[in-house]
There are 2 protein chains.
Amino acid sequence: MLSKKTKYGIKALVHLARQRDRMPVQISTISKSENISQKFLESILLTLRKNGLLGSKKGKGGGYYLLKDPNEIPMTTVMRLLEGPIAMVPCVSLNFYEKCADCTDEDACAVNKLMLKVRDNTLEIFRNTTLADLSN
Amino acid sequence: MLSKKTKYGIKALVHLARQRDRMPVQISTISKSENISQKFLESILLTLRKNGLLGSKKGKGGGYYLLKDPNEIPMTTVMRLLEGPIAMVPCVSLNFYEKCADCTDEDACAVNKLMLKVRDNTLEIFRNTTLADLSN
DNA sequence: CATTACCCTAGTAAATCTATAGGGTAAAAG
DNA sequence: CTTTTACCCTATAGATTTACTAGGGTAATG
């Protein structure tokens, strides 16, 4: 299951991408428009900013804005930031690899084999989908 | 993340599929061979039996066995049984559909759009992979 | 200098996961 | 018919994660 954090994060990013100018948008605006708890959204936008996706401006007329062109933000980046590993098991994860405790031979493992296929496919989709693609 | 339940369930099913004859295999045998807690495995095999994938035999020489040919068991069946929905969000689920509370227009929702692609792809893999494919 | 709006930490209720405990019961072997 | 084997079933509990909420602090603008 996709966490609400990721879901809300994507919605917020798309909201910012749909902005024609690059003017800052207030948290409260996004919160109302997308039906997201303001405080929760605050923490999500904060992690997006800390990880270089968003910039922010304080004081009157402040808010959050995208740092890059939506075309240059693939969903792999967004998903890894918000949701973590794309793979369903750590033993097929590229960025979060971990060996299974119970598995003696990874190459002979059916779960590994199956989930590798799923990961490859999902990764391909996330790689080829940018924030811009989702904003139309 | 894939739950341990699903992971163990797949491993157990593959173990049974690899059996050349259709003789019952004891829980304890699978448990040791696959490094799975016996009691936990018991409950997993029970749900697989209740849902028509496995048969069981009591008493000496008893155990669990596949009811169908591994070729005729697609992973969609296994995944839905053990893991539940294949989709990452309920609003794109075929068998477990639910409307999002926060979403006003599903067709305009970026999360919906993205996760629909992922689901279609993942589903295709699970449909085209049978237990037999994983057992070689 | 007051207001706006982001910044940050901590905590918590609820749900889910991953088992474990503790037996009960049917069937086969001898 | 009795013993053993091995499945059957319910309840519960610790650990972890999720989805927030509380409660303020701080920087920047007008």
Side-chain angles (χ1 to χ4, degrees), chain A residues 1-12 16 23-51 53-67 82-85 88-90 96 98 100-102, chain B residues 1-12 16 23-51 53-67 81-85 88-90 96 98 100-102 111:
Chain A
M1 274 287 271
L2 198 74
S3 69
K4 291 257 160 70
K5 183 181 161 190
T6 305
K7 187 182 170 190
Y8 293 162
I10 293 174
K11 284 193 168 192
L16 292 174
M23 291 291 282
V25 181
Q26 297 169 32
I27 292 175
S28 66
T29 306
I30 304 176
S31 154
K32 277 170 206 154
S33 161
E34 308 292 337
N35 286 310
I36 305 171
S37 144
Q38 177 157 345
K39 278 287 189 182
F40 194 25
L41 182 59
E42 228 179 283
S43 76
I44 296 167
L45 294 178
L46 199 60
T47 65
L48 290 174
R49 186 189 63 87
K50 279 184 181 167
N51 286 283
L53 255 81
L54 298 181
S56 68
K57 202 160 171 285
K58 289 185 179 178
K60 201 163 199 174
Y64 281 96
Y65 52 90
L66 285 177
L67 282 177
L82 294 170
E83 189 75 4
M88 292 182 84
V89 278
F96 299 83
E98 258 178 72
C100 294
D102 56 293
Chain B
M1 273 287 273
L2 198 74
S3 70
K4 291 254 159 70
K5 184 180 162 190
T6 305
K7 187 181 169 190
Y8 293 161
I10 294 174
K11 284 192 168 194
L16 292 173
M23 293 290 282
V25 181
Q26 297 168 31
I27 293 176
S28 65
T29 306
I30 304 176
S31 154
K32 277 169 207 155
S33 161
E34 307 293 336
N35 287 309
I36 305 171
S37 145
Q38 178 157 344
K39 277 288 190 183
F40 193 25
L41 181 60
E42 228 180 282
S43 76
I44 295 167
L45 294 178
L46 200 62
T47 66
L48 289 174
R49 186 188 64 87
K50 280 184 179 165
N51 286 284
L53 255 80
L54 298 181
S56 67
K57 202 161 171 284
K58 289 186 182 178
K60 203 164 197 173
Y64 281 97
Y65 51 92
L66 284 177
L67 282 176
L81 258 171
L82 295 170
E83 190 74 6
M88 293 183 83
V89 278
F96 301 82
E98 260 178 69
C100 293
D102 55 294
V111 177

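Computed over heavy atoms, backbone and side chain alike; hydrogens, waters and symmetry mates excluded. Residue numbering restarts at 1 for every chain, and letters A, B, ... go by the order of the sequence lines.
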> Looking at side-chain heavy atoms only, is the closest gap between B:Pro90 and A:Met1 below 4.5 Å?
Replying inline: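 A side-chain contact under 4.5 Å exists here.
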>> Any non-hydrogen side-chain atom of B:Leu67 less than 4.5 Å from a side-chain atom of B:Leu54?
In response: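 No; the side chains remain at least 4.5 Å from each other.
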Which value, rounded to the nearest 0.5 Å, describes the distance between [X] atom [atom1] and [Y] atom [atom2]?
X: A:Glu34; Y: A:Thr29; atom1: CD; atom2: OG1; answer: 11.0 Å
X: B:Ile30; Y: B:Leu16; atom1: CD1; atom2: CG; answer: 4.5 Å
X: A:Met88; Y: B:Met88; atom1: CE; atom2: CE; answer: 7.5 Å

> Base, backbone or nothing for each nucleotide of nucleotides 13-22 of chain D, written B, S, -, heavy atoms under 4.0 angstrom, 5' to 3'?
Replying inline: ------SBB-
>> Tell me which residues in residues 25-34 of chain B lie within less than 4.0 Å of DNA chain D, going by non-hydrogen atoms.
In response: B:Val25, B:Gln26, B:Ile27
Search all heavy atoms of [X] against all heavy atoms of [Y] and return the closest pair with its distance.
X: A:Lys7; Y: B:Cys100; result: NZ-SG, 3.4 Å
X: A:Arg49; Y: A:Ser56; result: CD-OG, 3.3 Å
X: B:Lys57; Y: B:Pro24; result: CD-CG, 4.1 Å
X: B:Gly84; Y: B:Phe96; result: C-CE1, 3.9 Å
X: B:Ile36; Y: B:Tyr8; result: CG2-CD1, 3.4 Å

> Mapping A:Glu42 and B:Tyr64 to their closest nucleotides on DNA chain D, which lands nearer the 5' end?
Replying inline: B:Tyr64
> Does the pair A:Lys11/B:Asp102 count as a salt bridge with the N-to-O cut at 4.0 Å?
Replying inline: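 Between B:Asp102 and A:Lys11 there is a salt bridge, with a charged N closer than 4.0 Å to a carboxylate O.
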> Across the strands shown, which category fits B:Lys50 at heavy-atom distances under 4.0 angstrom: base, sugar-phosphate, nothing?
Replying inline: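 It contacts sugar-phosphate atoms only.
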For residues 37-47 of chain B, which side-chain N or O atoms pair as donor and acceptor with protein atoms under 3.5 Å away, sequence neighbours left out?
unit_1: B:Ser37; atom_1: OG; unit_2: B:Phe40; atom_2: N; d: 3.4
unit_1: B:Ser43; atom_1: OG; unit_2: B:Phe40; atom_2: O; d: 2.8
unit_1: B:Thr47; atom_1: OG1; unit_2: B:Ile44; atom_2: O; d: 2.8

Give me, pair by pair, the N or O atoms of the protein and of nucleotides 26-30 of chain D that are less than 3.5 Å apart, along with how far apart they are.
unit_1: D:dA27; atom_1: O4'; unit_2: A:Lys58; atom_2: NZ; d: 3.0

> Could you give the start and end, 5' to 3', of the contact zone on DNA chain C for chain B, using atoms under 4.0 Å from its heavy atoms?
Replying inline: C:dT18 to C:dA29
>> Restricting to side-chain hydrogen bond (donor to acceptor under 3.5 Å, both in side chains), what partner residues turn up for A:Thr6, sequence neighbours left out?
In response: A:Ser3, A:Glu83
